[in-house]
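Notes to accompany the following structure.
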Amino acid sequence: MGTVGAGSDEVAGERRQLINVAYRLLGSVTEAEDAVQDAYARWYGLPRSRQEAILSPGAWLTTVTSRICLDLLGSARARRERYVGAWLPEPLPGRPEGDHAGGADPTGPADPADQIVLDESVAMAFLVVLESMTPAERVAFVLHDVFRYPFAEIADVLGRTPAACKQLASSARRRVGVARTPVPATGRADVVRRVKEAWETKDIAALVGLLDPAAVMTADGGGLVGTVLRPVEGGARIAQYMVAIADKAPGLELLERSVNGVPGLVARRAGVVVTVAAFDVSDGRVTRIWAVRNPEKLRPWAREGRPEALP
């Protein structure tokens, strides 16, 4: 979890790893950054003699960050009960071509979202499943199954035995279920592209053909913008809703963009990103749509309003 005897540069260099852990635990870039900042504040608040006695500062920081996240997950359930409508994780923008690790300098003042590695463990479908877990299950599962930390170290985070942590991860794994064969990126991109074209032309029949009959669309406006408060179920109903949105929002511009590492769509109006949509695809049809409209969750997407973001 860290480098024995690490100096100040190495300690600062742990930030990217901590951001990656915290985002997967919390599903929020903002909260992840706050958790990591809190962990660093605690580290730098230790007496020098205490710091020097810690053999692995990286392990210490990971443990503290994970504990902070565990506390936040516990309080998040109560906060989300008061949340207006559905709560979805904050969507992550893609990277510039050739930048797969989130920038060259892990210690620099990069946007936290740029430091998150985009892989299957940040796909919206995966993060939504993580939301169904208890806080302890989520911590045990993410630390072990995603980051490969041993249960002996996870036990220190959760204050439980390694055996109990192993059981928690196993329970979480059952929630994830048996993973189906992933759809290749090209296949996903083709389906999303056709959804975009049908949406732009307001072709309900084409949209219905691209949506699974049992598809579900969930939107997150956070009470700050207008959107449906409950999931829209059924391909036909979703298609009608999408066309109704297009009718009510003239000038809406749709862009194909990577969302949490997989093909998605971004809607801009007057140069401002107003919606980021993630898709789950199976057998050539869309099965789930997650549309994030809460402007507080779209801050990492501000770059999409700049001219250089255009394809």
Side-chain angles (χ1 to χ4, degrees), residues 20-32 69 72-74 76-81 83-94 113 116-143 145-147 168-169 171-183 188 191-192 195 211-212 214-222 227-235 238 257-266 275-282 285-294 296-298 300-301:
N20 274 276
V21 169
Y23 174 74
R24 287 161 176 80
L25 289 178
L26 300 173
S28 166
V29 178
T30 304
E31 290 185 354
C69 290
L72 288 172
L73 285 170
R77 292 188 169 230
R79 294 200 311 273
R80 289 171 193 173
E81 286 178 0
Y83 195 82
V84 178
W87 187 95
L88 292 175
E90 291 183 22
L92 293 171
I116 297 172
V117 177
L118 299 177
D119 59 23
E120 63 275 6
S121 68
V122 296
M124 190 65 72
F126 190 79
L127 292 177
V128 169
V129 172
L130 293 181
E131 285 295 313
S132 69
M133 300 176 184
T134 67
E137 284 176 340
R138 186 166 183 168
V139 170
F141 178 78
V142 168
L143 290 182
D145 284 44
V146 177
F147 291 96
L168 286 168
S171 174
R173 218 170 284 125
R174 287 194 294 272
R175 293 179 187 267
V176 174
V178 179
R180 54 182 169 78
T181 303
V183 179
R188 286 177 176 269
V191 172
V192 171
V195 168
L211 295 165
D212 187 278
V216 178
M217 186 191 76
T218 304
D220 177 349
T227 192
V228 287
L229 298 181
R230 294 182 176 83
V232 180
E233 301 180 354
I238 295 171
R257 292 288 185 265
S258 169
V259 179
N260 286 64
V262 296
L265 292 178
V266 169
T275 303
V276 172
F279 299 82
D280 200 17
V281 176
S282 179
R285 285 186 166 186
V286 173
T287 56
R288 292 295 304 260
I289 302 175
W290 298 279
V292 179
R293 300 203 66 232
N294 183 340
E296 293 183 349
K297 296 184 178 183
L298 299 180
W301 293 83

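Since the structure is predicted, the reported quantities are computational estimates derived from the model, not experimental observations. Just the heavy atoms: all of them, side chains too, but no hydrogens, waters or symmetry mates, feed the values below.
Annotation: side chain of Leu298 is in contact with side chain of Pro91 (closest heavy-atom distance under 4.5 Å). Within the 4.5 Å cutoff, side-chain heavy atoms of Met217 are placed close to those of Val228. Here the side chains of Tyr23 and Val29 are in contact, with some heavy-atom distance below 4.5 Å. Looking at heavy atoms from C-beta onward, Val128 lies out of side-chain contact with Thr218 at the 4.5 angstrom threshold. Looking at Trp87 and Glu131, their side chains come closer than 4.5 Å, going by heavy atoms from C-beta outward.
Atom CZ of Phe126 and atom CD of Glu120 lie 8.0 Å apart (nearest 0.5 Å). A distance of 8.0 Å separates CG in Asn20 from CG in Asp119, rounded to the nearest 0.5 Å. Atom CG of Leu92 sits about 7.5 Å away from atom CE of Met124, to the nearest 0.5 Å. Interatomic distance, CG of Leu211 versus CD1 of Ile238, reported as 5.5 Å (0.5 Å rounding). Atom CZ of Arg174 is separated from atom CD of Glu137 by 8.5 Å, given to the nearest 0.5 angstrom.
When all heavy atoms of Gly264 and Val259 are compared, the pair lying nearest together is CA-CG2, 3.8 Å. When all heavy atoms are compared, the tightest approach of Leu26 to Ala32 is CD1-N, 3.8 Å. Between Ala172 and Phe141, the shortest heavy-atom distance links the atoms CB-CB, 3.6 Å. Between Ala140 and Ala169, the shortest heavy-atom distance links the atoms CB-N, 4.0 Å. When every heavy atom of Val266 is checked against every heavy atom of Trp301, the shortest pair comes out as CG2-CZ3, 3.4 Å. Annotation for Ala277 and Ile289: closest pair CB-CG2, 4.5 Å, computed over non-hydrogen atoms.
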Would you please test Met133 and Val176 for side-chain contact (heavy atoms from CB on, under 4.5 Å) and show each step? CA-CA 9 Å; Met133 300 176 184; Val176 174; 3.6 Å; yes

Trace of the salt bridge (charged side-chain N to carboxylate O under 4.0 Å, His left out) decision for Arg24 with Asp145: CA-CA 12 Å; Arg24 287 161 176 80; Asp145 284 44; over 6 Å; no

Given side-chain contact (heavy atoms from CB on, under 4.5 Å), test Arg175 with Leu130 step by step and report yes or no. CA-CA 8 Å; Arg175 293 179 187 267; Leu130 293 181; over 6 Å; no

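With Ser132 contributing its side chain and Val129 its backbone, the two residues share a donor-acceptor pair below 3.5 Å. Judged by distance alone, with hydrogens and angles left aside, the side-chain atoms of Thr227 form no donor-acceptor pair with the main-chain N or O of Asp220 at under 3.5 Å. For the pair Asn260 (side chain) and Val122 (backbone), a donor-acceptor distance under 3.5 Å is present.
More than 12 heavy atoms of other residues, nucleotides or ligands shown are found within 6.0 angstrom of CZ on Arg79.
Screening Leu88, Val216, Val276 against Trp290 for a side-chain contact (heavy atoms from CB on, under 4.5 Å) leaves a single residue, Leu88.
Applying the salt bridge (Lys or Arg N to Asp or Glu O under 4.0 Å) rule to pairs touching residues 285-294 yields nothing, sequence neighbours excluded.
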